[in-house]
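All values derive from a computational prediction rather than experimental measurement. Every heavy atom of this structure was used, including side-chain atoms; hydrogens, water molecules and symmetry mates were not. In listed order, ligands and their atoms are each counted from 1. We're numbering straight along the sequence, starting at 1.
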Amino acid sequence: MSSNPIFKNPRAEHNFAGRSCSITGVGSYVPERILTNADLEKIVETTDEWITTRTGIKERRIAAADEFTSDMAAKAAERAMQMAGVTAEQIDLIIVATITPDMPFPSTACLVQHKLGAHRAAAFDLEAACSGFIYGLEVGQQFIMSRTHQTVLVIGAEKISAIMDWQDRNTCVLFGDGAGAAILQHRPDSHGLLTAVMGADGSKAELLSMPGGGSRCPASAESVNSRLHFMRMDGKETFKNAVNAMNTAAHEVMRRCEIDITKIKCVIPHQANQRIISAVGDRLHATADQVYVNLHKYGNTSAASVAIALDEAVASGKIQRGDLVLLVVFGAGLTWGAAIIEW
Ligand code: UT7
């Protein structure tokens with residue numbers, strides 16, 4: 001831990017007596033099957049040209065019929081555990097951020113706990129849509145900072161293809177499946193997660209939702225015929241809200257740390273649309289080189305999005321020990337969040 005860091009530690013401001021929380025391991029998993037824009041041209045009335053220019057997406061991964069969110073989550077978790085040198089017995093808590101659980105209950109986190117053999121761990125799901133991974137990091141780190149737990153596993157995992165309306169070209173070209181995971185622990189030589197913001201606006205819940213399957217609209221022949229068990233989105237409104245919320249959240253965490261964008265080594269934004277990423281990058285005055293993008297390969301993987309991107313950025317050497325990393329997300333709810341991590 002640098003004794004004279006280039007940033008202010010916002011946790012210290014609150015006289016918080018707790019210890020720091022670092023990400024000591026990351027891992028990700030994407031399914032083998034690739035669905036290209038050319039493949040989608042055969043399914044709905046669309047073109048590679050439209051998808052590429054309007055979104056930046058070229059292909060996405062689709063899980064096998066017998067491959068579920070918990071399977072992908074467990075694979076990503078095993079990789080993160082390997083990097084952190086953590087055994088299943090050491091895990092105290094598992095948080096799975098997802099909007100596509102294996103089933104409404106029990107939680108996917110419980111299924112992951114069993115798959116990993118993490119018998120000691122408590123487990124629950126967290127639902128903040130595409131913002132779920134940052135929500136999960138912020139929740140998980142409380143247990144490390146308060147010394148309640150030593151090792152927390154946070155996973156963002158989605159089988160979005162299971163709730164995709166393959167007749168709706170407005171949505172089915174945008175999303176993909178995958179999982180990313182992080183191990184949270186105290187590391188004495190790092191400030192770790194410096195600060196995070198989480199936000200929500202339930203008045204705009206209708207912009208992006210899956211109306212069927214809950215207590216408001218339980219499954220029925222009618223709900224199935226009305227296609228209520230698929231995701232629906234008002235793309236244009238969601239787009240505008242995403243740019244504004246991500247920009248505001250990112251500025252807020254930098255303000256708290258008293259740094260500007262030049263101090264950030266790598267910005268990892270939610271991977272929903274290249275035009276959203278570029279608009280946020282411009283407002284932050286980030287260079288293209290600072291902003292990590294893997295959207296062209298995976299599309300929008302919702303809660304898994306920044307988790308997969310973080311793992312790839314670390315694996316590629318783009319993020320080194322001591323670097324400052326800015327994560328920024330936006331999703332249904334509406335929800336949003338940002339975090340700054342000293343790696
Ligand atoms: O992860 C949560 C956050 N999610 C997001 O942030 C997504 C935010 N929204 C977006 O990324 C964009 O709004 C979209 C990519 C969904 C749509 O882009 P847009 O520039 O806002 O297009 P639009 O909705 O205004 O649609 C323009 C046209 C429409 O045709 P008309 O009505 O102008 O004749 C659409 O029907 O493009 C049409 N269109 C398509 N055409 C070919 C919509 N989807 C397609 C498609 N292929 N797949």
Side-chain angles (χ1 to χ4, degrees), residues 35-60 97-100 127-136 156-161 163-178 180 198-202 204-210 230-250 268-281 283 291 293-296 298-309 327-338:
L35 186 72
T36 65
N37 290 350
D39 296 330
L40 278 162
E41 287 178 356
K42 295 176 200 134
I43 300 172
V44 285
E45 201 185 324
T46 191
T47 59
D48 171 46
E49 201 262 334
W50 191 95
I51 302 170
T52 306
T53 54
R54 303 312 290 164
T55 74
I57 301 164
K58 297 299 285 183
E59 57 189 44
R60 67 288 292 145
T98 187
I99 54 167
T100 49
E127 210 272 69
C130 302
S131 306
F133 188 67
I134 284 188
Y135 268 63
E158 303 280 15
K159 185 174 178 176
I160 297 284
S161 61
I163 59 163
M164 219 63 280
D165 186 344
W166 294 102
Q167 295 179 15
D168 178 13
R169 68 175 184 175
N170 290 294
T171 53
C172 76
V173 303
L174 303 175
F175 293 87
D177 302 333
M198 302 185 289
D201 180 1
K204 294 179 178 165
E206 302 297 328
L207 288 184
L208 180 49
S209 69
M210 187 174 80
F230 296 123
M231 177 197 294
R232 294 175 168 191
M233 177 168 71
D234 177 340
K236 258 199 174 12
E237 273 309 305
T238 306
F239 188 111
K240 280 188 240 162
N241 280 278
V243 173
N244 288 334
M246 290 169 79
N247 176 42
T248 306
I268 301 191
H270 175 47
Q271 310 281 314
N273 187 317
Q274 181 58 55
R275 291 184 295 137
I276 296 177
I277 294 173
S278 300
V280 172
R283 281 166 176 73
V291 181
V293 178
N294 63 7
L295 172 83
H296 50 290
Y298 307 131
N300 181 349
T301 57
S302 182
S305 162
V306 287
I308 296 172
L327 308 181
V328 56
V329 293
F330 178 84
L334 300 175
T335 54
W336 57 86

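Residue pairs meeting the salt bridge (charged side-chain N to carboxylate O under 4.0 Å, His left out) criterion with at least one member in residues 46-57, sequence neighbours excluded, are Asp48-Lys58.
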Are there any protein N or O atoms under 3.5 Å from the N or O atoms of ligand 1? List them with distances, or say none.
| from | atom 1 | to | atom 2 | distance (Å) |
| --- | --- | --- | --- | --- |
| ligand 1 | 1 (O) | His270 | NE2 | 2.9 |
| ligand 1 | 1 (O) | Asn300 | ND2 | 2.6 |
| ligand 1 | 9 (N) | Gly235 | O | 3.0 |
| ligand 1 | 11 (O) | Asn273 | ND2 | 2.7 |
| ligand 1 | 13 (O) | Gly235 | O | 3.1 |
| ligand 1 | 18 (O) | Arg275 | NH2 | 3.3 |
| ligand 1 | 20 (O) | Arg54 | NE | 3.2 |
| ligand 1 | 20 (O) | Arg54 | NH2 | 2.5 |
| ligand 1 | 20 (O) | Arg275 | NH2 | 2.9 |
| ligand 1 | 25 (O) | Lys236 | NZ | 2.5 |
| ligand 1 | 36 (O) | Arg169 | NH2 | 3.0 |
| ligand 1 | 37 (O) | Trp50 | NE1 | 3.3 |
| ligand 1 | 41 (N) | Trp50 | NE1 | 3.4 |
| ligand 1 | 41 (N) | Arg169 | NH1 | 3.4 |
| ligand 1 | 47 (N) | Thr46 | OG1 | 2.6 |
| ligand 1 | 48 (N) | Thr46 | OG1 | 3.1 |
| ligand 1 | 48 (N) | Arg169 | O | 3.0 |

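Of the N and O atoms on the side chains of Thr100 and Glu158, at least one donor lies less than 3.5 Å from an acceptor on the other residue. With 3.5 Å as the limit, one finds no donor-acceptor pair spanning the side chains of Asn244 and Arg283. Under the 3.5 Å distance criterion, with hydrogens and angles disregarded, a donor-acceptor pair is assigned to the side chains of Asp39 and Thr36.
With sequence neighbours left out, the side-chain hydrogen bond (donor to acceptor under 3.5 Å, both in side chains) criterion links Asn273 to no other residue. Remark: Glu206 pairs with Arg216 by the salt bridge (Lys or Arg N to Asp or Glu O under 4.0 Å) rule, at least two apart or across chains.
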